[in-house]
Amino acid sequence: MAVTVKTFASASEAAGALSSDRSARYLGGGTLVMRALNEGDVSISTVVRAQDQALTRIDASGPRITLGAGVTFARVLAERDLGFLHAPARSIGGPAVRNMGTVGGNLFAPNPYGDFTVALLALDATVAVAGGFGSRDIPIEEFLQARDRQAGALVLSISCTRPASTEAFRYRKIARIKPKGGSVITLAAHLPISGGRIAGARIALGSMAPTQIRARAAERALDGRSLDAATIAAAASAVTEGTSPSDNALGSAWYRREIVGVHLRRLLSGQE
């Protein structure tokens, strides 16, 4: 089956092409789309590309940072102002994948991938899209819940607030092949502190549901409390509530439920 490649000067033109052709897929870094094509995915008949420089723009100068959807993980790692995102970016594949893979594409990566998106979910990111959703900014949690039901959406950028300190944001990926393997589980925590107590905790998990999810019960166990051993234990005990992991070659659903509390405790305690 022949595949047509269409290249546009602007992101809006590319979004229009995606919206008008349900068999079209956007090609950013290619780590997802080219794999699908190489594996014989006949649902893709058109590949859409855009040369819009806005898709590769980084704005990290203020308290809120914005990453164009086409920004690669290698570029994230090269930006000193994005130090809080270096651990998630470094956990994505090997150098070849990080040189090509994009932050926008990672939003669509299926389990056991999509680790960078776990970090963005913990940071309460906003996703700017054009096309299938209409042109608007969408909270990342809403985007993830609807991503597989929306055709023709083009992600333009992702933005989030910079954590107040290095201790306020924490990330951990558990993989059998380090650092580039698929995730057994991935965890990220954003723990803003006000008056010595946690205010607005966000805990995000990867490989614990069909898409990346928040651990709301663990968040409730943390909010309004100091980050002491008792609080950490309560959050670790509650973290499996609302999860629905599946079995795959990296681990069973049972195993994931057994270890996620252990690793959340280590993450919150600052243990390696």
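Everything numeric here is computed off the predicted structure, so don't read it as measured data. All values below come from the heavy atoms of this structure, side chains included, with hydrogens, waters and symmetry mates left out.
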Asker: For Glu142 and Arg136, run salt bridge (charged side-chain N to carboxylate O under 4.0 Å, His left out): C-alpha distance rounded to whole Å, both residues' side-chain angles, the deciding distance at 0.1 Å, then the answer.
Answerer: CA-CA 12 Å; Glu142 179 184 336; Arg136 62 190 182 105; 3.4 Å; yes
Asker: Hydrophobic clustering (ILVMFWY, side-chain heavy atoms < 4.5 Å, transitive) - are Val127 and Leu123 grouped together?
Answerer: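 Looking at the clustering, Val127 is in the same group as Leu123.
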Asker: Of all the heavy-atom pairs spanning Ile203 and Ala218, show the shortest one and how long it is.
Answerer: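 Shortest heavy-atom separation between Ile203 and Ala218 comes out as CG1-CB, 4.5 Å.
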Asker: Quick check: closest heavy atoms across Thr243 and Met208, and the distance to 0.1 Å?
Answerer: CB-O, 3.4 Å
Asker: Under a 4.0 Å N-O cut-off, is there an ion pair linking Glu241 with Arg257?
Answerer: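 Result for this pair is no, no salt bridge flagged.
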Asker: Would Ile174 and Ile177 show up in the same hydrophobic cluster when neighbours are defined by side-chain heavy atoms closer than 4.5 Å?
Answerer: no
Asker: Could you tell me whether a side-chain N or O of Asp21 sits under 3.5 Å from a main-chain N or O of Ala17, the two making a donor and an acceptor?
Answerer: no
Asker: Does any donor atom in the side chain of Ser183 or Thr186 lie under 3.5 Å from an acceptor atom in the other side chain?
Answerer: yes
Asker: Given the rule that I, L, V, M, F, W and Y join up when any side-chain heavy atoms are under 4.5 Å apart, are Val184 and Val262 in one cluster?
Answerer: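 Looking at the clustering, Val262 is in a separate group from Val184.
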Asker: Can you check whether Ile58 reaches Glu79 side chain to side chain, under 4.5 Å on heavy atoms?
Answerer: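 Yes, side chains in contact.
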Asker: Is the closest side-chain heavy-atom distance between Ile185 and Ile259 below 4.5 Å?
Answerer: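 Yes - at least one pair of side-chain heavy atoms lies under 4.5 Å apart.
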Asker: Given the rule in the side chain to side chain contact (heavy atoms under 4.5 Å, CB included) test, do Val71 and Val76 qualify, once you have shown the distances and angles that lead to the verdict?
Answerer: CA-CA 7 Å; Val71 171; Val76 172; 3.9 Å; yes
Asker: Do the side chains of Arg216 and Glu141 get close enough for a salt bridge, i.e. N-O under 4.0 angstrom?
Answerer: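 Salt bridge between Arg216 and Glu141, a charged N being under 4.0 Å from a carboxylate O: yes.
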Asker: Any chain of hydrophobic side-chain contacts (each under 4.5 Å) joining Val5 to Met34?
Answerer: yes
Asker: Does any part of the side chain of Thr126, heavy atoms only, come nearer than 4.5 Å to the side chain of Arg64, both counted from C-beta?
Answerer: yes
Asker: Going from CG on Leu121 to CD1 on Ile213, what distance comes out if it is rounded to the nearest 0.5 angstrom?
Answerer: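 One gets 9.0 Å once the value is rounded to the nearest 0.5 Å.
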Asker: Is Thr231 reaching over with its side chain to a backbone N or O of Ser226, donor-acceptor style, under 3.5 angstrom?
Answerer: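 Yes.
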Asker: Rounded to the nearest 0.5 Å, how far does CG of Leu85 lie from SG of Cys160?
Answerer: 5.5 Å
Asker: Taking all non-hydrogen atoms of both residues, which atom of Asn248 and which atom of Pro112 are closest, and how far apart?
Answerer: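 Reported closest heavy-atom pair: ND2-CB, 4.3 Å.
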Asker: In chain order, what residues pass the side-chain hydrogen bond (donor to acceptor under 3.5 Å, both in side chains) check against Ser165, with sequence neighbours excluded?
Answerer: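 Testing Ser165 for side-chain hydrogen bond (donor to acceptor under 3.5 Å, both in side chains), a comparison that skips the adjacent residues, returns none.
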Asker: Measuring only between side-chain heavy atoms, which start at C-beta, is Leu268 closer than 4.5 Å to Leu191?
Answerer: yes
Asker: Rounded to the nearest 0.5 Å, how far does OG of Ser23 lie from CD1 of Ile44?
Answerer: 9.0 Å
Asker: What distance do Leu67 atom CG and Thr56 atom OG1 have between them, rounded to the nearest 0.5 Å?
Answerer: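 Answer for the CG-OG1 pair, Leu67 versus Thr56, is 11.5 Å.
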Asker: Could you walk me through whether Asn106 and Val103 pass the side chain to side chain contact (heavy atoms under 4.5 Å, CB included) check?
Answerer: CA-CA 5 Å; Asn106 197 258; Val103 297; 5.6 Å; no
Asker: How many angstroms lie between atom CG of Asp41 and atom CD of Glu39, to the nearest 0.5 angstrom?
Answerer: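 Rounded to the nearest 0.5 Å, the CG-CD separation comes to 8.5 Å.
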Asker: Would the distance check show the side chain of Lys173 and the main-chain N or O of Ala87 forming a donor-acceptor pair, the cut-off being under 3.5 Å?
Answerer: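 No, the answer is negative, given that no donor and acceptor are paired below the 3.5 Å cut-off.
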Asker: Find out if a path of hydrophobic residues (ILVMFWY) with successive side-chain heavy-atom gaps under 4.5 Å connects Leu27 to Met100.
Answerer: no
Asker: Is there side-chain contact between Pro245 and Ser207, with heavy atoms separated by less than 4.5 Å?
Answerer: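 They are not in contact (no side-chain heavy atoms under 4.5 Å apart), so the answer is no.
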Asker: Checking Arg25 side chain against Thr46 main chain: does a donor-acceptor pair fall under 3.5 Å?
Answerer: no
Asker: Under 4.5 Å between any side-chain heavy atoms of Val118 and Leu187, yes or no?
Answerer: no
Asker: In sequence, state the C-alpha distance, the side-chain angles, and the governing distance for Leu205 and Gln212, and then conclude on side chain to side chain contact (heavy atoms under 4.5 Å, CB included).
Answerer: CA-CA 6 Å; Leu205 306 174; Gln212 299 85 348; over 6 Å; no
Asker: Can you see which heavy atom on Ser91 is nearest to which on Tyr171, and at what distance?
Answerer: OG-OH, 2.7 Å
Asker: Just do the side-chain hydrogen bond (donor to acceptor under 3.5 Å, both in side chains) check on Asp59 and Ser61 with the steps written out, would you?
Answerer: CA-CA 6 Å; Asp59 182 358; Ser61 59; 3.1 Å; yes
Asker: Enumerate the residue pairs fulfilling ring pair (Phe, Tyr, Trp, His ring centres under 6.0 Å) with a member in residues 100-130, sequence neighbours excluded, ordered by first and then second residue.
Answerer: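 Sorted pair list: Phe73-Phe116, Phe108-Phe143.
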Asker: Looking only at heavy atoms, which two atoms of Ala60 and Ile65 are closest? And how far apart?
Answerer: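 Minimum heavy-atom separation between Ala60 and Ile65: CA-CG2, 3.8 Å.
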Asker: Should Ile198 and Arg225 count as side-chain neighbours, where that means a heavy-atom distance under 4.5 Å?
Answerer: no
Asker: State whether the side chain of Asp223 and the backbone N or O of Gly200 hold a donor-acceptor pair below 3.5 Å, judged by distance alone.
Answerer: yes
Asker: Could you grab the distance from atom CZ of Phe8 to atom CZ of Arg49, nearest 0.5 Å is fine?
Answerer: 11.5 Å
Asker: With a 4.5 Å heavy-atom cut-off, do Ile92 and Val97 have their side chains touching?
Answerer: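 A side-chain contact exists here, since the closest heavy-atom pair is under 4.5 Å.
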Asker: Taking all non-hydrogen atoms of both residues, which atom of Leu156 and which atom of Ala130 are closest, and how far apart?
Answerer: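 Here Leu156 and Ala130 meet closest at CD1-CB, 4.0 Å.
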Asker: Mind running side chain to side chain contact (heavy atoms under 4.5 Å, CB included) on His263 and Leu267 for me, showing each step along the way?
Answerer: CA-CA 6 Å; His263 287 290; Leu267 180 73; over 6 Å; no
Asker: Run the salt-bridge test on Arg214 and Glu219 with the 4.0 Å N-O cut-off and return the result as yes or no.
Answerer: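 Between Glu219 and Arg214 there is a salt bridge, with a charged N closer than 4.0 Å to a carboxylate O.
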